[in-house]
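Residues: numbered from 1 along the sequence shown. As the structure lists them, so they are numbered: ligands from 1, and atoms in each ligand from 1. Just so it is clear, the structure is predicted and the values come from calculations on it, not from any experiment.
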Amino acid sequence: MINTFADYKKAYRRSVEEPEAFWDEIAETFTWRKKWDKTLEWDFHEPQVKWFQGGKLNITENCLDRHLEKQGNKTAIIWEPNDPDEESRHITYRQLFVKVCRFANVLRQNGIKKGDRVCIYMPMIPELAIAMLACARIGAVHSIVFAGFSSQAIAKRINDSQCKMLITANEVYRGTKRVNLKAICDEALKDTPSIETVLVYRRTVEPTEMQEGRDKFWFEELQKATDDCQAEEMDAEDMLFILYTSGSTGTPKGMVHTTGGYMVGTAYTFENVFQIEKDDVYWCTADIGWITGHSYIIYGPLAAGATTVMFEGIPSYPDYGRFWEICEKLKVTHFYTAPTAIRALARQPIEFVEKHDLSSLKVLGSVGEPINEEAWHWYNDNIGKGNCPIVDTWWQTETGAIMISPLAGITSARPTFASLPLPGVQPTIMDDQGRELNGRRESAEGRLAFKFPWPAMARTIYNNHERYKDVYFSTFPGMYFSGDGAYRDATGNYRITGRVDDVVIVSGHNLGTATVENAINEHEKVVESAVVGVPHDVKGNALYAFVILYDHVEPSEALEKEIREIVSTTIGPIAKPDKVQFVNGLPKTRSGKIMRRILRKIITNDIENIGDTSTLLNPEIIEDIAQGVK
Ligand code: PRX
């Protein structure tokens, strides 16, 4: 582990000068059934990246089996339920190992084999972790869909990767609400012919509708299974999971992560960024349905043998002190959350924080969007009490692991700066003409790209390698383009300035404007729409939809509601626009492209800075739209 700033400098230099030797040494600390023959083969033009080729392993042997001898009785997962009166569950490494093996046998009994895709749509309960690890144990590819997505969104993802099985729960608790997940799945299942079996975990005692022959209860299946499960031998480059993320077209991208590099990358970054020690209690508040949960609730922490907390509930239930109550109760040492949560909690009376003892905390983390200065200071002063380094971690679903971040207490943490690249990461800033801004000791602002592969990067988009190439490797040939803008100061520290493409981060969720527009355009009274992100105090960004209706249709509040509803049912409640404005036209280029940049300027009342509008097909529409801005 890196212990000092000098260590960091040394590791960084080595990772650039001798990347293969650098990663070999780290990879050697894991359990492989057979060592790799070749550390790295890559070509960012194809693009093609292979790490640890010829290496054989199973990631669960690294996350579970190898810890049994020395720390089988250590807690692997602490689960905190939605209802504070329900008991927490503490699951040791040995118990988790047994549960995973047993459930892996359930999967095998139900015909799942290496390479099969399994969709998981579950709440934040330990069984979600067990299901994903069980897939990994037998070499099945998990595709976890966040349990807030709609039936249509589930169906789309299942069909894209032709999943054979769906694992879900009957219901989920969210604060005072109960949501029937199985009913949402049933709706999706009307349109997913590849699914042969549905396994249902009973989270509540409510009766659950089951379809004979297809649906089976988790517990009943477990009774037929033994605990003994040989892990499947995987190639380092075998697929571990698919995780869908939004893009700038309507279809989500199934990012493919493979086994060896992902394991090495997540564990290495986890240990070094958070500076984890033996008895630490680490809590990441993300949902496992997103990459943060995959990499930093499950795979990274378990590969590192740490204790990881999983929370089922929401930050506001039973009151806005819930996060801090849990930190006190479980003596959390590392707390990793999103700026949107920090901003929402910072608006509440400070008593919610003050009534809890937060003295166990050592390190705080932030992820998902740029953290603004005010939120950073609130977090630092009130939660960290000025004593906990904050790691502002920049990364993406596509990068698999943290790329740019302070190392807690070792490299400096300055508000709004994700700071320095981790060892093995070679960022650069590009200008609009595709030139690299690499002046030494000079600041630069432009687009964030990467010049060299890192082990945890996604290898492709499932069944669509062309799109992978097009989205990430064509803007700056020979480099990976992140889609983000960034500023680098004269000392080499990076600040992320936000997305430069048609993706908007709402409450830390990555949403494609095209996906939301497609949903709105499904409404029979809508001709066309344009969705943009606008700054929002808590959510970071909110969605604002401009909608053109057919000539004979009268705009109304009811229609506005219907439009928001259609987004909710097509994608999920997280994608509902905050505002819907009916317009007569949209600013377009002569080639018909909607100028979302101009729409953003109109909403933020920045018309003076719109720039040259003479290239527009319909410049007069700007004034018209501005009149109606809410
Ligand atoms: O725009 C960046 C923002 O989130 C995007 C990636 O979203 P997603 O794939 O959903 O993964 C989120 C969790 C890793 C990035 O392109 N982002 C993420 N972390 C930060 C950030 N922006 C600024 N600062 C961060 N620390």
Open item on the list: Set out, in order, the CA-CA distance, both residues' side-chain angles and the distance that settles ring pair (Phe, Tyr, Trp, His ring centres under 6.0 Å) for Phe481 and Phe473, then state yes or no.
Closed with: CA-CA 6 Å; Phe481 173 46; Phe473 297 91; over 10 Å; no

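Closest non-hydrogen pair, Leu361 versus Cys388, comes out as O-SG, 3.3 Å.
Within 4.0 Å of ligand 1, protein heavy atoms come from Ile291, Thr292, Val367, Gly368, Glu369, Pro370, Asp392, Thr393, Trp394, Trp395, Gln396, Thr397, Glu398, Asp484, Ile496, Arg499, Ile505, Asn510.
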Just list the side-chain donor-acceptor pairs under 3.5 Å for residues 291-303, sequence neighbours left out, or say none.
residue	atom	partner	partner atom	Å
His294	ND1	Ile288	O	2.9
His294	ND1	Trp290	O	3.1
Ser295	OG	Tyr262	OH	2.7
Ser295	OG	Gly400	O	2.7
Tyr296	OH	Thr269	OG1	2.5
Tyr296	OH	Ile402	N	2.9
Tyr299	OH	His142	NE2	2.8

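Remark: Phe546 pairs with Tyr544 by the ring-ring contact (aromatic ring centres under 6.0 Å, His included) rule, at least two apart or across chains. For Trp283, the ring-ring contact (aromatic ring centres under 6.0 Å, His included) partners are Phe311, Phe323, Phe335, not counting sequence neighbours.
A cation-pi arrangement is absent between Arg447 and Phe476 under the rule of less than 6.0 angstrom and at most 45 degrees off the ring axis.
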